[in-house]
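Some notes on the structure that comes next.
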Amino acid sequence: MSPLRPDRRRRQALSLLRSTPEAADSAAASEKSTLSLPNLDRRRLLSRGLQGAGLGLLATSGLLGAPAIVMAEGRRPGMPSGVMSGDVTASRAMLWSRADKPSRMLIELADNPEMRGAFALRGPVALPADGLTSKLDLTGLDATGNARGEVFYRVRYAALDDHKAISEATSGRLVLPPSARQPRALRFVWSGDTVGQGWGINPDFGGLRLYETMRQVKPDFFLHSGDTIYADGPLQDSVTQHDGSLWRNIVTPAKVKVAETLDEYRGQYHYNLMDEHLRRFNAEVPMLAQWDDHETTNNWYPGELLEDDRYTEKNVDVLSANARRAFLENMPLRTAPSAPERIHRHFGFGPGLEMFMLDMRSFRGANSANRQAGRGPQSDFLGGDQLAWLKRSLKASTATWKIIAADMPIGLLVRDGENFENGANGDGEALGREQDIAELLRFVRDHDIKNLVWLTADVHYTAAHHYSPERAVFKDFTPFWEFVSGPIHAGTYGPGELDNTFGPRLEFVKAPPKGRANMSPSEGFQFFGQVDLDPESEALTVTLKDIHGASLYTRVLTPA
């Protein structure tokens, strides 16, 4: 096959820009955020080396070769937050990074860590309006990965005011999930709650160590179940621990007060990404991120007016708008042009598993006693549109296992003063927000949708709950499991009180000893969960683990 001329290569690359596969969301996609790799034979594609289609495109623009030029480091962009991938499918992934000055993102892809025969792409521009972040939605990755589904990548930035000023490269790796054509074993981890309750990055402790523990189990991806930051949790230089010793925090200007402005919310993410364990984890493990309350402020709901002297901006709708934008900028999350702020979404991972990620924050009514007998805006939890989307998606799914990724547990009481923060409101019939959950569970039973498993975090301890109608007040559902994990790096609390509406039974729990609360990460009560899917038996094994990687509880689930 003869090499393409530079001008033809450029036209070919630009003509292959396309958006999400969902037809309803495809019309408005643009060059800025989505790029499809050419549909070429992988061996020919990767054998092109520096004369290949993508690299030739960059070379003709003067954007490659510059890192070898000796120049003052101040002229080159920096990449202070590393690289990250996310929202992976069998042929697709989001790539993310952040520069420290206006720059053009440059990406190289290969099927080997040495980047032999790499294929290069010209990515979007990182501008101050987006917090100097940039994301590229890559499709066609199944033509680039190796037999194990691995795709290796490098990211650089070229300064807009000097195209010869190119940053040092930062490398990453992602694993494409199994597809219907190529089923294989799948492993992922989940947890939540990062840098909360005053426990920040402590060099003496070793930083955010649980991320390194999770990296070592080599997961295909990571489900972050919410509270990715604590925008309402300022840090102090030191905190006295239970044993009298001092916990020493790194503190930045963004972490000395509650976040209110867009830049202050951005600074919360920048702080977490100072940690080398998190950056290394992000460079190797794709992220599926959802949010909960602390991305904005504790226990928030739409329309709330704060009574908190720490805030000059009392309108939570203003705070949550800034918080949502910072979240979407700093997470490798794919949004649709028709719904650019939507956080709930779903992903299929071969024939064995599909994940449905919920947003239990954006559509709820006000926190209250949560005892409304009828449906209405005050009893909303998921909201009508999201609930309808979830029911349609579950009914259409052909996957053996349906994982519901919820940012809050459904059977544990989570209080907001005298009110309730999640669906559970105490023993008895389904009232208030519980009605959304009851409607969903009844729909699942009536349509014979099998093999639901709920994964969540939020409550800062780890547990396994089994729900069954024989123990429940509301009985119109089939039995299912809920597994709780976290925190990643925050204060540990619990255990919580179970509500009998849906009949939960506590099968396992590890939480602080009686009388203890806000235990520091150094006391070892930090947790994550691991899920393994066997492609032949389709058995789903859920293991709850601690900060050291020790297995605390294992449950093997066989499909109905």
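Quick caveat: nothing in here was measured; it's all calculated off a predicted structure.
- Between Tyr265 and His270, the ring center distance fails the sub-6.0 Å criterion.
- Aromatic rings of Phe221 and Phe349 (six-membered ring for Trp) have centroids within the 6.0 Å cut-off, being under it.
- The aromatic ring centres of His224 and Trp190 sit 6.0 Å or more apart.
- Counting heavy atoms from C-beta outward, Arg342 and Thr335 have side chains that stay 4.5 Å or more apart.
- In this structure, Leu333 CG and Met94 CE are separated by 7.5 Å, a value rounded to the nearest 0.5 Å.
- Ion pairing between a basic and an acidic side chain is recognised when a charged N comes within 4.0 Å of a carboxylate O; Asp237 and Arg248 show no such pairing.
- Taking CG of Leu358 as the start and NE2 of His344 as the end, the distance is 9.0 Å to the nearest 0.5 Å.
- With respect to Lys164 and Asp162, no salt bridge is recorded, no charged nitrogen being found less than 4.0 Å from a carboxylate O.
- Checked against a 6.0 Å centroid threshold, the rings of Phe188 and Phe222 do not count as neighbours.
- Judged by distance alone, the side chains of Glu264 and Gln268 never bring a donor and an acceptor atom under 3.5 Å apart.
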(request) Might you work through the side chain to side chain contact (heavy atoms under 4.5 Å, CB included) test for Asp111 and Val151, ending with a clear yes or no? (result) CA-CA 5 Å; Asp111 65 353; Val151 175; over 6 Å; no
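- Lys545 places no side-chain N or O within 3.5 Å of a backbone atom of Thr213 that could act as its donor or acceptor partner.
- For the pair Thr492 and Gln526, the minimum side-chain heavy-atom distance is below 4.5 Å.
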(request) Starting from the C-alpha separation in whole Å, work towards a yes-or-no answer on side-chain hydrogen bond (donor to acceptor under 3.5 Å, both in side chains) for Thr296 and Arg361. (result) CA-CA 10 Å; Thr296 303; Arg361 189 59 53 179; over 6 Å; no
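- To the nearest 0.5 angstrom, Phe119 atom CZ is 11.0 Å from Ile107 atom CD1.
- Figure legend: Lys255 and Tyr271 shown as a cation-pi pair, the cationic atom lying under 6.0 angstrom from the six-membered ring centre and within 45 degrees of its axis.
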(request) Determine, step by step, whether Glu313 and Asn315 satisfy the side-chain hydrogen bond (donor to acceptor under 3.5 Å, both in side chains) criterion, reporting the C-alpha distance in whole Å, the side-chain angles of both residues, the deciding distance to 0.1 Å, and the verdict. (result) CA-CA 6 Å; Glu313 177 56 71; Asn315 187 338; 5.0 Å; no
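- Without hydrogens or angle criteria, Asn272 side chain to Thr228 main chain gives a donor-acceptor distance under 3.5 Å.
- Leu455 contributes atom CG, which lies 7.0 Å from atom OG of Ser225 (distance to the nearest 0.5 angstrom).
- A donor-acceptor pair under 3.5 Å is absent between the side-chain atoms of His460 and the main chain of Gly192, judged by distance alone.
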(message) Apply side chain to side chain contact (heavy atoms under 4.5 Å, CB included) to residues Val83 and Leu95 and explain how you reach the verdict.
(response) CA-CA 7 Å; Val83 295; Leu95 295 188; over 6 Å; no
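- Between Tyr211 and Thr194, the side chains place a donor N or O and an acceptor N or O closer than 3.5 Å (distance only, hydrogens not considered).
- Salt bridge present: Asp87 and Arg345 bring a charged side-chain N and a carboxylate O closer than 4.0 Å.
- Checked by atom type, the side-chain pair Gln241/Ser522 shows a donor-acceptor distance below 3.5 Å.
- Between the Gln290 side chain and the Asp359 main chain, no donor and acceptor come within less than 3.5 Å of each other.
- Contact of the Thr89 side chain with the Ser91 side chain is registered, since non-hydrogen atoms from C-beta on lie closer than 4.5 Å.
- Ring-plane geometry between Tyr269 and Phe327 is classed as tilted, the angle between the planes lying from 30 to 60 degrees on a 0 to 90 degree scale.
- Side-chain contact check for Ile250 versus Pro203: some heavy-atom pair is nearer than 4.5 Å.
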(request) Run the numbers on Asp532 and Arg187 for salt bridge (charged side-chain N to carboxylate O under 4.0 Å, His left out), then give the verdict. (result) CA-CA 5 Å; Asp532 289 277; Arg187 169 176 291 179; 2.6 Å; yes
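- Side-chain contact of Asp407 with Trp291: a donor-acceptor pair under 3.5 Å is absent, judged by distance alone.
- Judged by a 6.0 Å distance limit and a 45° cone about the ring axis, Arg209 is positioned over the six-membered ring of Phe205.
- Looking only at distances, a side-chain donor or acceptor of Asn112 sits under 3.5 Å from a matching main-chain atom of Met115.
- A 4.5 Å side-chain heavy-atom check between Leu174 and Tyr153 finds at least one atom pair inside the cut-off.
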(message) Quick one, His489 with Asp193, criterion side-chain hydrogen bond (donor to acceptor under 3.5 Å, both in side chains). Give me CA distance, side-chain angles, the key distance, then yes/no.
(response) CA-CA 6 Å; His489 188 94; Asp193 318 302; over 6 Å; no
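- Of the charged side-chain nitrogens involved, none lies within less than 4.0 Å of a carboxylate oxygen, so that Lys257 and Asp232 do not count as a salt-bridged pair.
- No donor-acceptor pair closer than 3.5 Å links the side chain of Asp227 to the backbone N or O of Ile229.
- To the nearest 0.5 angstrom, Leu306 atom CG is 11.0 Å from Asn299 atom CG.
- Screening Lys135, Glu329, Met331 for a side chain to side chain contact (heavy atoms under 4.5 Å, CB included) with Trp96, the sole residue that qualifies is Lys135.
- Ring geometry, Trp199 versus Trp247: the interplanar angle exceeds 60°, so the pair is classed perpendicular (tilted spans 30 to 60°).
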(request) Report the C-alpha separation of Arg279 and Glu276 in whole Å, then their side-chain angles, then the decisive distance to 0.1 Å, and conclude whether the salt bridge (charged side-chain N to carboxylate O under 4.0 Å, His left out) test is met. (result) CA-CA 5 Å; Arg279 292 197 309 274; Glu276 62 178 345; 5.5 Å; no
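- In summary, of the residues considered (Arg156, Arg122, Arg116), a salt bridge (Lys or Arg N to Asp or Glu O under 4.0 Å) with Glu108 occurs for Arg156 alone.
- In this structure, the side chain of Glu523 engages the main chain of Ser520 through a donor-acceptor pair within 3.5 Å.
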